[in-house]
Number of protein chains: 2
Amino acid sequence: MSKSTQREDHLKALYALAHGHASTWVSTSQMAVHLGVKPPSVTAMVQVLSELGWAEHRPYHGARLTATGRKLALSLVRKHRLWETFLVQRLGFGWEEVHDIAEQLEHVDSLELVERLDAYLGHPKSDPHGDPIPKADGTFHPEGEICVLADLDPVVRCKVKGVRDGSDDTLSAMSARGISLGSTLLPEDITTFPVTWLDQLLVCKAQE
Amino acid sequence: MSKSTQREDHLKALYALAHGHASTWVSTSQMAVHLGVKPPSVTAMVQVLSELGWAEHRPYHGARLTATGRKLALSLVRKHRLWETFLVQRLGFGWEEVHDIAEQLEHVDSLELVERLDAYLGHPKSDPHGDPIPKADGTFHPEGEICVLADLDPVVRCKVKGVRDGSDDTLSAMSARGISLGSTLLPEDITTFPVTWLDQLLVCKAQE
DNA sequence: TTGGATTTTTAGTCACGTCTAAAAATGCAC
DNA sequence: GTGCATTTTTAGACGTGACTAAAAATCCAA
């Protein structure tokens, strides 16, 4: 398990630069810039994350989150945004002042604390910046974020919001199966999709 | 300045074992037991605290707080007790559950945060355990703590609450000068006391 | 006051997370 | 495809803060 502020910070950087996608590769130098450290330090830490099962490291290529790592990153984002909400809503901070403080508060380790804070704040759906707050189970509220289909976990009914890097033949292949902007995807259909589509379809959860 | 959780924890241990007195010597092994580390580690850290000007180290004798160190320790105690108050009063934790969490929260570095938290909680005078919360300037509320005369900083009018290790002749010498339980000491008198009395007289601030 | 038990410090090692400098892999231009 | 520029990793070092084992200081008892 072995948490530590540094490990958590690197995990968060990976999450942020991959825009929350477990499928996106991020270069160690990108992470280095984001974290304000030198690339070799990131390489070392990414290897640690890899041993912890939080990330996958492909040498000379980059790193990406594992499912476990993404869940963990999400719990950090949750804590960060709940604390920001607290700081602004209850302590009267300006929304631009709270990031650095929340950065520290998010590393406090107590599940009970997070859940009570969440309840105290009335289970807010988004933080003062308007960013959505992940739920305790690592999912977003239904009306929440757009994500890549590959990141939909668990696989549920969802709506198509866009296609990334969609080449013409990919798009026409999708059309051929009745997939277009706004169409609803069912779990049983998703499992029959070509694997490459999973990284290309941008979706959000459909309301129940 | 160079804060760090470890330095702060050692400083707090010193403060706690000296019962908040800048005049009391504490052995490194006492601190080691309190912190759950081995004595050599404490020796090393005490030397660091000494370089930082937070403590004085007399080899083979022990360590004690400097005025600066005591102020810093007080600010940590203040943060700890404010957070405990928050956890119990606002988040509904039981008073016995909050220590470990407050232990983490107290290391969050933001003056603004502490002051806003204090205001949010209505400037509480004591925490859920009944322990007094130091004010931002490092003093206790007037009806607050009993301390050794030597620790009264700045020296102000105060009331005698007791005498530590008072031998018979010390006590009679004090009586001879009109000092007894409950009597009020004036700053201009205090400066004329024998130095040894400063470590023996227990006092609290007199109301204005 | 001297000797032995105890306490404390010093010396040397280790893990973590950073760094710089050098080597290795990648990839783009030609 | 070969070669060079760029990116990334490896190698080796350092600071912090912990440890164990050994040396030094202190304290107490005879």
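What's counted below: heavy atoms across the whole structure, side chains too, no hydrogens, waters or symmetry copies. In what follows, chains carry the letters A, B, and so on, assigned in the order in which the sequence lines appear, proteins first and then strands, with residues in each chain numbered from 1.
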B/Glu103: what forms a side-chain contact (heavy atoms from CB on, under 4.5 Å) with it, not counting sequence neighbours?
B/Asp9, B/Lys12, B/His80, B/His99, B/Glu106

With respect to the phosphate group of C/dG17, does any side-chain polar atom (N or O) of A/Arg7 fall under 4.0 Å of OP1 or OP2?
yes

Are A/Glu115 and A/Arg78 close enough for a salt bridge, meaning some N to O gap below 4.0 Å?
yes

Tell me whether the rings of B/Phe86 and B/Tyr120 are parallel (<30°), tilted (30 to 60°) or perpendicular (>60°).
tilted

Using the 3.5 Å cut-off, write out each protein N or O paired with an N or O of nucleotides 10-13 of chain C and the distance between them.
from, atom 1, to, atom 2, distance (Å)
C/dT10, OP2, B/Gln47, NE2, 2.9

Below 4.0 angstrom from OP1 or OP2 of C/dG17, is there any side-chain N or O of A/Ser41?
no

Both conditions, 6.0 Å and 45 degrees, for the charged tip of B/Arg116 above the ring of A/Phe93: are they met here?
yes

Expressed as a whole number of angstroms, how long is the span from A/Glu51:CD to C/dG17:P?
11 Å

Residues 24-40 of chain A, side-chain donor-acceptor partners within the protein, below 3.5 Å, at least two apart:
from, atom 1, to, atom 2, distance (Å)
A/Ser27, OG, A/Ser29, OG, 3.3
A/Ser27, OG, A/Gln30, N, 3.1
A/Ser27, OG, A/Gln30, OE1, 3.4
A/Gln30, OE1, A/Ser27, N, 3.1

Whole Å only: how far is the CE atom of A/Met45 from the P atom of C/dC19?
11 Å

B/Asp137 meets the side-chain contact (heavy atoms from CB on, under 4.5 Å) criterion, sequence neighbours left out, with B/Lys135, B/Thr139

Stretch residues 27-39 of chain B: residues that reach within less than 4.0 Å of DNA chain D through a heavy atom:
B/Val37, B/Lys38

Please identify each residue that fulfils side-chain contact (heavy atoms from CB on, under 4.5 Å) with B/Thr68, with sequence neighbours left out.
B/Trp54, B/Thr66

Check each of A/Leu149, A/Thr170, A/Ile190 against A/Trp197 using the side chain to side chain contact (heavy atoms under 4.5 Å, CB included) test, and report the only one that passes.
A/Thr170

